[in-house]
Amino acid sequence: MGLLDVETIRKSFPFFDPAADGSGPPVYLDSAATTQKPSAVLDQLNAYYTRSNANVHRGVYRLAVEATELYEGARGKVAAFVGARRSEEIVFTKNATEAVNLLSYSLMWAEDEHRIGPGDEIVVTEMEHHSNLIPWRLLAERVGAKISYLGITNDGRLDLSDLEERVTERTKLVAVVHASNILGTVNPIAPIAARAAEVGALLVVDAAQSVPHLGIDVNALGADFVTFSGHKMCGPTGIGVLWGKYDLLAELPPFLGGGEMIETVTLDAMAYAPPPLRFEAGTPPVAQAVGLGAACDYLDSLGMDAIAAHDQALIEYALDRLAQVPGIRFIGPENTADRLPLMSFVLDGVPLQQVRTALDQAGIAVRSGHHCAQLACSRFGIPAAVRASFYLYNTTAEVDFLADTLERTRSTTTVYATPPELTDTRPVRPYKEILMPGIFEPWGHALVGALAPAPGARALDVGTGPGTVARLLAAAVGPAGAVVGTDISAGMLALAKEVPPAAGSAAIQYVECGAAPLHVSDEAFDLVTMQQVLQYVPDRRAAVAELRRALRPGARLAIATWLPLDRNPLFQALHEALAAVLGHEAAALFEEPWSLAGEEVADLVAFAGFGQVRLDQWTVPVTVAGGVEALSCLFSFSAVGPEVAGLGSERRTALLDAVRANLADRTDAEGVHALTASSVVTATAV
């Protein structure tokens, strides 16, 4: 396949060398995020730092001159690599993101001809990486400009059917990605360039994904500005490029001020240096630029045509092979025309968290998430996807291994079976047998009843416990819906799986989620419920952000957290008994799960970007059958559990007697009766 000798190529990348213990590296399928580095680049970096390290454009001694020559020589190599007419059109930045931000600020401060101001229009696309979206959104917000979008067709291509209606005489700038980092689509730039030129708009092209694979000619592309990153093309991190037509660069003001970007300074005047130095204030990334120049040399030595042919053959093979995986759904074009060697996908019926965990455990490095392309995810109705991206060092054997692993993951996905390693659920069984029917089931009915899920909805329940709320949701959404239940305790999920949903209910899948950080299933949900979990999560802000990521726009969220002890007489009685028998330190441990204020939860939800945030306080009557002895199992599920477990029989009896005394007026033959109280925060994903 292709024209590259992949076996020889891999030998030039130290990453692929066996470790000292004989183990090999992971199957690396994340080159769209960053590529591995060949020895030719690493050696140049090392040689610069050990033999040529000096600041550039400053000293006239031999070493400083040599460093400057290496730095400017790298600029020349990059210019030649992308077909720039002169090296001064290459501006070195930290990365492609900084290149776009540099440009956006310069255009905000530019003279009238190029300045973007109130009422001007900026046209972007729905498949933009956030690096070529957020800077323009920020610019529009700051100056009062308007943002307009080119859409995406159902098959993952850029929709140019309304190009003339979108790009008008009011358009000042068009920003478009050359190749999508999530869809793999290579976009036709020529018609966009022609339309932009027709109306006098500037055209900015994000070529971070295309430069490593296609070998672009910036002048043939028809753009006014092009941005890309070094680390995606075998170069170092910390180096990016802004290419611009020299005349345009010469007309723009600098983004940063400082050393080397200035020509002259007097007490009341200053003149900027010519491009590119006016955009490179301070000490530049000299070593990184030298490394990027070496990367250009390395790619040139292989031949960009050969790399493109290899990539094309690999994506053709990968799309064909992975299409055989049952339930796979590609996000993006399913044909290989104008296509990069990357693919994003989901496995229908298998939570994305389970897919990414299985691949990682198999030694396959892939990216999962929204890939900084949330607009594209929303366009296809998903919050996230798995992405496998290939490069010149990947093989068809690695594609086969990926496909085989996905097939095994699919075939081993179970909904109700208890994992064999969870053979002992005795520590958490009282929760299911005592606390769930007594305390949490009444709360589950109240929560689900108030939200009234629509039939056919997709619901996520976080903090599932033994599954009561998940089963109530499954009954509410019916057979056309679906429910995912997650918990931070594998033992809880094992108990949940023992009881399937009632007849006529939706299917339920149970997935374990970590607490630090919280991980929830990567699907587009219509409803998310969370019960009493935030108290145990170290990074609550990140947890709520995860919930926002899992909801489609317009979906609803409900989070229940216990109110303080003085609002929960059942828990207050247990707390007072602990204080009387074991002291206030032990009682403070028991108090922790009931210390999260509803106002804090509401603030977290608002900060995560939800709208229509509402805070209510509910009280629900509960009855714990079995009396005080049964209720006291709550001690085992709190931070005071180890201290209570270590008590001798005499002090344990004293503790139970104290609980009985506190609850004497609430106990009868049916059990312990009381009210429980919780803050309930509801919101809408926007």
Side-chain angles (χ1 to χ4, degrees), residues 4-26 28 30-82 87 90-99 208 211-213 228-241 259-260 276-277 280 282-304 307 365 391-394:
L4 298 179
D5 182 352
V6 178
E7 183 177 348
T8 299
I9 286 173
R10 287 170 72 94
K11 292 178 181 177
S12 66
F13 285 79
F15 173 82
F16 296 107
D17 293 342
D21 61 1
S23 62
Y28 188 75
D30 196 24
S31 290
T34 193
T35 56
Q36 297 304 324
K37 319 305 176 191
S39 296
V41 171
L42 300 175
D43 291 346
Q44 283 283 6
L45 286 170
N46 184 60
Y48 172 80
Y49 276 125
T50 56
R51 298 294 182 186
S52 305
N53 184 41
N55 218 327
V56 297
H57 300 145
R58 289 166 169 81
V60 294
Y61 55 93
R62 180 194 57 79
L63 190 61
V65 171
E66 179 181 333
T68 300
E69 289 175 348
L70 287 170
Y71 181 67
E72 292 301 331
R75 196 191 305 276
K77 291 178 180 180
V78 174
F81 189 79
V82 297
S87 63
I90 299 297
V91 177
F92 284 132
T93 61
K94 181 174 63 179
N95 46 42
T97 302
E98 185 177 76
V211 166
H213 297 278
F228 56 97
S229 288
H231 70 99
K232 296 182 189 294
M233 52 183 289
C234 295
T237 56
I239 184 73
V241 173
E260 295 305 309
L277 295 185
E280 296 180 4
T283 298
V286 183
Q288 290 86 347
V290 172
L292 179 55
C296 292
D297 288 341
Y298 178 78
L299 296 178
D300 275 335
S301 72
L302 297 177
M304 291 307 299
I307 293 172
Y391 200 30
L392 49 85
Y393 36 62
N394 291 122

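- You'll find the side chain of P276 stays beyond 4.5 Å of the side chain of I90, heavy atoms only.
- The main-chain N or O of H231 is found under 3.5 Å from a side-chain atom of T34 such that the two form a donor-acceptor pair.
- The shortest heavy-atom contact between Q288 and I239 is CB-CB, 3.6 Å.
- Scanning all heavy atoms of the two residues, the minimum distance from G238 to P285 falls at O-CB, 3.7 Å.
- Rounded to the nearest 0.5 Å, atoms CG (L302) and CD1 (I9) are 5.0 Å apart.
- A distance of 6.0 Å or more separates the ring centres of F13 and F15.
- Side-chain N or O atoms of T68 include one that pairs as donor or acceptor with a backbone N or O of A64 at under 3.5 Å.
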Please step through side chain to side chain contact (heavy atoms under 4.5 Å, CB included) for the pair C296 and M233, ending with a clear verdict.
-> CA-CA 8 Å; C296 292; M233 52 183 289; 3.9 Å; yes

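- Neither side chain, E280 nor H57, offers a donor N or O lying under 3.5 Å from an acceptor on the other.
- Counting only residues at least two apart or on different chains, the side chain to side chain donor-acceptor pair (under 3.5 Å) pairs with a member in residues 90-99 are T97-S131.
- To the nearest 0.5 angstrom, T237 atom OG1 is 6.5 Å from K37 atom NZ.
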Pair E66-S52, side chain to side chain contact (heavy atoms under 4.5 Å, CB included): steps then yes or no = CA-CA 7 Å; E66 179 181 333; S52 305; 2.6 Å; yes

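- Put simply, the side chain of T50 gets close to the backbone of N46: a donor and an acceptor are under 3.5 Å apart.
- Taking both residues in full, the closest heavy atoms of L292 and P236 are given as N-CD, 3.6 Å, listed atom of the first, atom of the second, then distance.
- Contact annotation: the side chain of E260 never approaches that of T283 to less than 4.5 Å [non-hydrogen atoms, C-beta and beyond].
- For the pair V241 and V91, the minimum side-chain heavy-atom distance is 4.5 Å or more.
- The line from SG of C234 to CG of L42 is 10.0 Å long, rounded to the nearest 0.5 Å.
- Side-chain atoms of K232 come within 3.5 Å of backbone atoms of A32 as a donor-acceptor pair (strictly under, hydrogens ignored).
- Nearest heavy-atom pair across L277 and R75 is CD2-NH2, 4.3 Å.
- Closest non-hydrogen pair, A40 versus A294, comes out as O-CB, 3.9 Å.
- Considering every non-hydrogen atom in both V6 and N394, the closest pair reads CG1-O, 3.9 Å.
- A distance of 4.5 Å separates CG in L299 from CZ in F81, rounded to the nearest 0.5 Å.
- Under 3.5 Å, the side chains of Y28 and T35 contain no donor-acceptor pair of N or O atoms.
- For the pair R10 and Y393, the NZ or CZ position fails the cation-pi test of under 6.0 Å to the six-membered ring centre and within 45 degrees of the ring normal.
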Derivation of the side chain to side chain contact (heavy atoms under 4.5 Å, CB included) call for Q44 and V41 = CA-CA 5 Å; Q44 283 283 6; V41 171; 5.9 Å; no

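- Taking the six-membered ring for Trp, F92 and Y71 have ring centres closer than 6.0 Å.
- Electrostatic pairing of E69 and R62 does not count as a salt bridge here, judged by no charged N lying under 4.0 Å from a carboxylate O.
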Tell me, with the steps shown, if L45 and V290 meet side chain to side chain contact (heavy atoms under 4.5 Å, CB included).
-> CA-CA 7 Å; L45 286 170; V290 172; 5.8 Å; no

